[in-house]
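Just so it is clear, the structure is predicted and the values come from calculations on it, not from any experiment. Letters go in sequence order (proteins before strands), and every chain restarts at 1. The analysis underlying the following values was restricted to heavy atoms, covering all of them including side chains, and did not include hydrogens, waters or symmetry mates.
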Amino acid sequence: MPFPPLKEQLDLITANTVEIITGQELETKINHSLKTRSPLKVKLGADPSRPDLHLGHSVVLRKLRDFQDLGHEAILIIGNFTAMIGDPSGKSKTRPQLTAEEARQNGESYFEQASKILDPKKTTICWNSDWLGAMSFADVIRLSSHCTVARMLERDDFERRYRSGEPISIHEFLYPLAQAMDSVHLKNDIELGGTDQKFNLLVGRDMQREYGILPQVCITMPLLVGTGGVEKMSKSLGNAICFNDLPADMYGRMLSIPDTLITNYCSLLLPPGTADSHQITEESVTDPRTAKRMLARNIVALYYSSEAAEEAESHFDRVFVQKKAPDNIELVKLPHSEITVVDLLVELGAASSKTDARRMIQQKSVLLDEERIEEITASITLSMEPKTLRAGKRKFFRIATEKKG
RNA sequence: GGGUAGGUAGCGAAGCGGUCAAACGCAACAGACUGUAAAUCUGUCGACAUAUGUCUUCGGAGGUUCGAAUCCUCCUCUACCCA
C-alpha cells in the first residue's frame, strides 16, 4: 500500500496534538519515508502496572492508530521490566511490586484492551525486559552518566516533590532513563505520549543522540479531563471511564460529564470521520442533552456495539430517568430461607459491614419489591420466587432461596 | 555519624494528659433536586450491638499515670540541615 502524500499525512498526524518536537524533523522523516518507501517506526510505551485502560489512554492510542492507518509501523512497548521494579513512592503503602508473571499477564491484558483501538494485526509488541533485563550494572552506569541530576530535577513533578520535601528514590531517576533506553534499542523515529510524558520523551530523544541515532520526534497529546471536568482522567481519582466498563456504566458515566466537555471528548475520543461528530459539536450548544446522549452512544458503540449502546441508553432511561428497576438483573440464589436484611446486604456485597448496612436502612435506601425497609432489625423470608432488592440508586439484586419448600 | 521537624482514620490535615472514635477538607455512601451517575443542598462516614452501650484504633514495642493520640524510653520510617 502506498503512503499518502506529505500534506495528507501531516494533516492527520498533527490533529489534536499539543506539541510536536520538532515539526520540521517530522516532515523530513515523512519525506524520507516516502522516498525510501519504508514505514516510520512509531513508539508508544505502555505501563502494565495498571492494566485498566480508560478513555484517557485512548487519546494517545488513537493517535498511534492514525499512524497505522497511514501505513506506518506501530510499536507498543510493554514496560514489564520497569513494572517489575515497582513504583517507588510510598513504600509504606500497599504497592506490591509486580512479579514477572503478573507483569506479563497485565501486559497481555493491556494489549487486548488496546486492540479495541489499534489494529492488532499491524501492531508490533515489545517487552522491554528483553533488552533492559540484559543490561549489566556497568551498562546502567554508562547510561546514567549521560544525564545529570539537575537535568532530572527539571521534570516538574520531581521538582515539585523535591521542593515540598516528598521523597524521591534514586530508581525513580532511572525510570526516564530506562524508557529512553527503549528508544535507543528500537531506533524508533517517533514517540507518542501524553503531555505529562514530555520530559521522558525528550530524554529518549537526547539519549538516542548520545548513542549516535537520529533522534526521535516527540509528539504529545492532551490529557483527557476526567468526568468531574477538572482533573485529568485517572483511575485512582475515580473520574475515569474504562475500556472494560460495562456498557451501561460506560454510558451513564459519559452522561455525567459536564456539558462543557462534550466537544472536547468528541474530538479526542471518536475516530476521525465519525458520522455523528459534526452534529454532536453543533448540538452541544443548542441541545447539550441530545448531543451528550449521542456522544455517549457513539462511545459505547466504539467499545462494544451499536446494539449495546441502544441497550445502555434504554437501561439508563429506565433506571435513572424513570427510576424503575432494570429488567435484567442477575438472580442470586442464597442458601437461606430466612435472613435479616442487614445480613443480606452484607452477603450481597451491597454493604461493607453490618454497620454500613444499618446505615443504609436508616437512610431509607433499601427497598424490597418497591417497599421501603424501615426497621434495621427487619428480616425477610425468601422463597423460590425471586424478590427484587434495591440498595441505593444503583444497586439492584434479584434474590431467591435455593432451598426447596 | 550529628542535629532539627515529622509519621493521626481511604487521602490531606487539626488535636498535644481526661469532655477523642478523634475537628476540618477531599473522596466515598445515602436522601432531595435535576435531562444526568454532573452541579447544588442535606445527612452519613472504625466495628459490633442498638436507644445514647461495648470493643479495637492515632508508625512499632515497652513504661509513667486512676486515666495517654497527647508525657518518658527504645526501635523504625520520612524530610531538611551539618559532616
Side-chain angles (χ1 to χ4, degrees), chain A residues 54-55 88-95 153 158-172 225-242 245-262 264-265 280 283-297 299-300 309 312-326 340-343 345-346 348-367 372-379 389-396:
Chain A
H54 55 65
L55 296 185
S89 51
K91 59 210 69 27
S92 57
K93 287 172 202 123
T94 47
R95 200 71 190 245
L153 285 173
F158 280 151
E159 206 251 24
R160 202 200 65 246
R161 282 164 62 189
Y162 188 67
R163 246 188 323 160
S164 69
E166 283 172 65
I168 304 172
S169 301
I170 299 289
H171 79 287
E172 294 185 77
V225 178
T227 53
V230 183
E231 289 164 301
K232 73 164 185 177
M233 183 173 284
S234 127
K235 193 85 197 296
S236 51
L237 288 173
N239 61 4
I241 299 174
C242 293
D245 280 348
L246 296 171
D249 290 334
M250 191 179 262
Y251 182 89
R253 296 184 64 75
M254 277 302 300
L255 280 201
S256 77
I257 66 169
D259 292 355
T260 49
L261 233 49
I262 296 173
N264 178 258
Y265 269 43
I280 293 171
E283 294 211 31
S284 67
V285 185
T286 52
D287 186 2
R289 177 171 184 263
T290 304
K292 201 191 286 183
R293 287 167 68 96
M294 194 183 286
L295 173 63
R297 279 199 309 274
I299 294 287
V300 177
E313 183 160 275
S314 60
H315 173 269
F316 184 88
D317 286 343
R318 180 178 168 89
V319 176
F320 297 106
V321 179
Q322 297 160 33
K323 301 192 192 302
K324 287 190 206 150
T340 63
V341 177
V342 168
D343 287 336
L345 288 168
V346 172
L348 292 168
S352 60
S353 65
K354 289 186 176 188
T355 303
D356 191 32
R358 283 191 197 94
R359 202 148 44 219
M360 292 174 94
I361 299 173
Q362 272 164 350
Q363 292 177 153
K364 304 188 186 310
S365 69
V366 183
L367 284 82
R372 179 158 288 147
I373 306 286
E374 303 278 357
E375 292 296 322
I376 56 175
T377 51
S379 67
L389 184 79
R390 174 174 190 162
K393 278 182 231 184
R394 300 175 52 188
K395 291 186 277 260
F396 295 91

task: Classify the side chain of A/K364 and the base of B/rU44 as holding, or not holding, a donor-acceptor pair under 3.5 Å.
output: no
message: Can a donor-acceptor pair be found, under 3.5 Å and without considering hydrogens, that links the side chain of A/R253 to the backbone of A/A240?
response: yes
task: Please name the pair of heavy atoms, one in A/F396 and one in A/K393, separated by the smallest distance, quoted to 0.1 Å.
output: CE1-O, 3.5 Å
Separation of atom CZ in A/R372 from atom C1' in B/rA32, rounded to whole Å: 12 Å
- prompt: Between A/E374 and A/K364, is there a side-chain N and carboxylate O pair less than 4.0 Å apart?
  reply: yes
field: Pairwise C1' distance for B/rC55 and B/rU50, with rounding to whole Å
entry: 14 Å
Distances under 3.5 Å only, N/O to N/O: pair up the protein atoms with those of nucleotides 47-49 of chain B.
from: B/rA47; atom 1: OP1; to: A/S353; atom 2: OG; distance (Å): 2.9
from: B/rC48; atom 1: OP1; to: A/K354; atom 2: N; distance (Å): 3.1
from: B/rC48; atom 1: OP2; to: A/S353; atom 2: OG; distance (Å): 3.4
from: B/rC48; atom 1: OP2; to: A/K354; atom 2: N; distance (Å): 3.2
from: B/rC48; atom 1: OP2; to: A/T355; atom 2: N; distance (Å): 2.6
from: B/rC48; atom 1: OP2; to: A/T355; atom 2: OG1; distance (Å): 2.5
from: B/rA49; atom 1: OP1; to: A/K354; atom 2: NZ; distance (Å): 3.1
from: B/rA49; atom 1: OP2; to: A/R358; atom 2: NH1; distance (Å): 3.4
from: B/rA49; atom 1: OP2; to: A/R358; atom 2: NH2; distance (Å): 2.2
from: B/rA49; atom 1: O5'; to: A/R358; atom 2: NH2; distance (Å): 3.4

field: Span that lies between the P atom of B/rC11 and that of B/rC81, in whole angstrom
entry: 28 Å
Between protein and nucleotides 79-83 of chain B, what N or O pairs are separated by less than 3.5 Å?
from: B/rA79; atom 1: O4'; to: A/G165; atom 2: O; distance (Å): 3.4

task: Take atom CD of A/Q322 as the centre, draw a 6.0 Å sphere, and report whether it contains more than 12 heavy atoms from other residues, nucleotides or ligands.
output: yes
field: Pairing partner (Watson-Crick or G-U wobble, both distances under 3.5 angstrom) of B/rU70
entry: none
field: Spacing of OG1 belonging to A/T340 relative to CD1 belonging to A/I361, to within rounding of 0.5 Å
entry: 8.0 Å
message: So for A/Q363 and B/rG31, does any side-chain atom that can act as donor or acceptor lie under 3.5 Å from a complementary atom in the base?
response: no
statement: CD1 (A/I241) and OG1 (A/T227) are apart, to the nearest 0.5 Å, by 6.0 Å
message: Any base atoms under 4.0 Å from A/G252, or only sugar-phosphate, or nothing? Heavy atoms, all strands.
response: base
query: Do the side chain of A/R253 and the base of B/rA37 come within less than 3.5 angstrom through a donor-acceptor pair of N or O atoms?
result: no
task: Please check if the side chain of A/K292 supplies one atom and the backbone of A/L255 the other of a donor-acceptor pair under 3.5 Å.
output: yes
Nearest to side-chain heavy atoms of A/F316, which nucleotide of B/rC33, B/rU36, B/rG35: B/rU36
query: Contact class for A/A350 vs. all strands (heavy atom < 4.0 Å): base, sugar-phosphate, or nothing?
result: nothing
